[in-house]
There are 2 protein chains.
Amino acid sequence: MERSTRQREAIRRVFDIGQPPLTAQEILSLARGEVPNLGIATVYRAIKALLADGTLVDVELPGEVTRYELANKEHHHYFRCRKCGRVYDINNCRVDFDAMTPHGFRLESHDLVLYGRCASCIGAGRG
Amino acid sequence: MERSTRQREAIRRVFDIGQPPLTAQEILSLARGEVPNLGIATVYRAIKALLADGTLVDVELPGEVTRYELANKEHHHYFRCRKCGRVYDINNCRVDFDAMTPHGFRLESHDLVLYGRCASCIGAGRG
DNA sequence: TTAACTGCAAACCCTTTGCACGGTG
DNA sequence: CACCGTGCAAAGGGTTTGCAGTTAA
């Protein structure tokens with residue numbers, strides 16, 4: 001991120017309003033509010049730069065396209081609603097994953113995704 | 001899987017020798033031992049059929065292409081070695097994920113991947 | 001001014017699909 | 001001998017890259 005451009009600032013600002021993890025397409029749609037003819041290639045290039053400088057981290061949910069979120073969050077996991085597809089952050093990770101690690105293996109990190117129905121989809125009625 | 005063909009049998013047999021989760025390309029390479037000019041499309045079609053009839057399940061590790069393994073295993077998770085890239089099954093899942101689920105949400109399932117170094121990569125020396 | 005940035009379009013990788021030929025039951 | 005299954009190649013979806021025009025510094 002050397003130069004400051006309208007495009008990059010718009011993309012960066014997308015994350016300033018407490019967004020859940022976003023796909024490149026979602027970032028594009030949101031940033032087009034400020035820069036209407038923004039191109040997807042520019043989004044990907046900006047994402048790459050923001051990943052490299054540590055501003056963003058990628059969120060890879062099994063079987064889905066990569067999402068991105070601000071890196072300055074606590075260690076956390078995700079809950080994906082099977083109905084609406086939204087992804088929520090789960091902040092309490094109080095699990096002893098070391099107990100699951102085979103003897104002789106060294107555990108360094110873990111990824112966890114919970115699946116089910118979110119409160120709004122349950123509240124909205126059957127489904 | 002209606003008809004039994006050389007291709008389908010070769011693909012099915014790939015999994016009979018205790019394979020770790022395999023990518024479509026790996027399945028192709030292995031099955032070509034029996035059917036040299038096997039096409040990748042046939043592999044994908046066979047995988048789809050084997051997923052549909054419950055023989056295989058897909059294994060989606062964050063940021064990687066889909067892998068496939070036999071479905072007749074217990075509920076389990078994966079340990080991916082950051083050095084050699086191999087994926088191991090983790091069979092003891094005794095975690096109370098419900099405790100991590102937000103109020104009002106309904107937990108249906110979960111995916112867990114542990115990352116680190118496997119025993120052979122630790123034993124092999126520095127790294 | 002001028003080198004980095006942008007948007008478009010083409011290229012890529014993985015997966016799926018259309019089609020005519022081949023093989024199973 | 002009907003069809004399903006196969007291989008090839010083209011099409012799709014997401015991401016990356018080449019290029020000429022644009023713009024920040």
Exercise for the section: Over all heavy atoms of both residues, which pair between Val113(B) and Leu61(B) is shortest? Give the atoms and the distance, please. Expected result: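 Taking Val113(B) first and Leu61(B) second, the nearest heavy atoms are CG2-CD2, 3.8 Å.
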
Is a donor from one side chain sitting under 3.5 angstrom from an acceptor on the other, for [X] and [Y]?
X	Y	result
Thr101(B)	Arg106(B)	no
Tyr78(A)	Glu60(A)	no
Gln7(A)	Thr42(A)	no
Tyr68(A)	Gln19(A)	no

Rounded to whole angstrom units, what separation is found between the [atom1] atom of [X] and the [atom2] atom of [N]?
X	N	atom1	atom2	result
Arg12(B)	dG5(D)	CZ	P	17 Å
Glu9(A)	dA24(D)	CD	C1'	11 Å
Leu51(B)	dT16(C)	CG	C1'	14 Å
Glu26(A)	dG13(D)	CD	C1'	15 Å
Leu28(A)	dG13(D)	CG	P	17 Å
Ile47(B)	dC14(C)	CD1	P	13 Å
Leu38(A)	dC5(C)	CG	P	15 Å

Exercise for the section: Would you tell me if any nitrogen or oxygen in the side chain of Thr5(A) comes within less than 4.0 Å of OP1 or OP2 on dT6(C)? Expected result: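 Result: yes.
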
Practice task
Would you indicate, yes or no, if dA24(D) has its OP1 or OP2 atom less than 4.0 angstrom from a side-chain nitrogen or oxygen of Gln7(A)?
Solution key: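 For Gln7(A), the contact criterion (side-chain N or O under 4.0 Å from OP1 or OP2 of dA24(D)) is not met.
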
Report, one pair per line, the protein and nucleotides 16-23 of chain D atoms (nitrogen or oxygen only) whose separation is under 3.5 Å.
from	atom 1	to	atom 2	distance (Å)
dG18(D)	O6	Arg45(A)	NH1	3.3

Handout entry: Nearest to side-chain heavy atoms of Thr42(A), which nucleotide of dG7(C), dC14(C), dC5(C)
Key =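 Of all the options, the side chain of Thr42(A) is nearest to dG7(C).
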
Handout entry: Closest to side chain of Asn37(B), choosing from dC5(C), dT6(C), dG7(D)
Key =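 The answer is dG7(D), which lies nearest to the side chain.
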
Practice task
Tell me, please, which residues at least two apart from His75(A) pass side-chain contact (heavy atoms from CB on, under 4.5 Å).
Solution key: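 Here the qualifying residues are His77(A), Cys93(A), His110(A).
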
Handout entry: Nearest-nucleotide 5' precedence on DNA chain C, Arg6(A) against Gln25(B)
Key =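 That would be Arg6(A).
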
Practice task
Could you give me the CA-CA distance, side-chain angles and deciding distance for Asp89(A) and Lys73(A), then say whether salt bridge (charged side-chain N to carboxylate O under 4.0 Å, His left out) is met?
Solution key: CA-CA 10 Å; Asp89(A) 286 353; Lys73(A) 296 186 179 182; 2.9 Å; yes

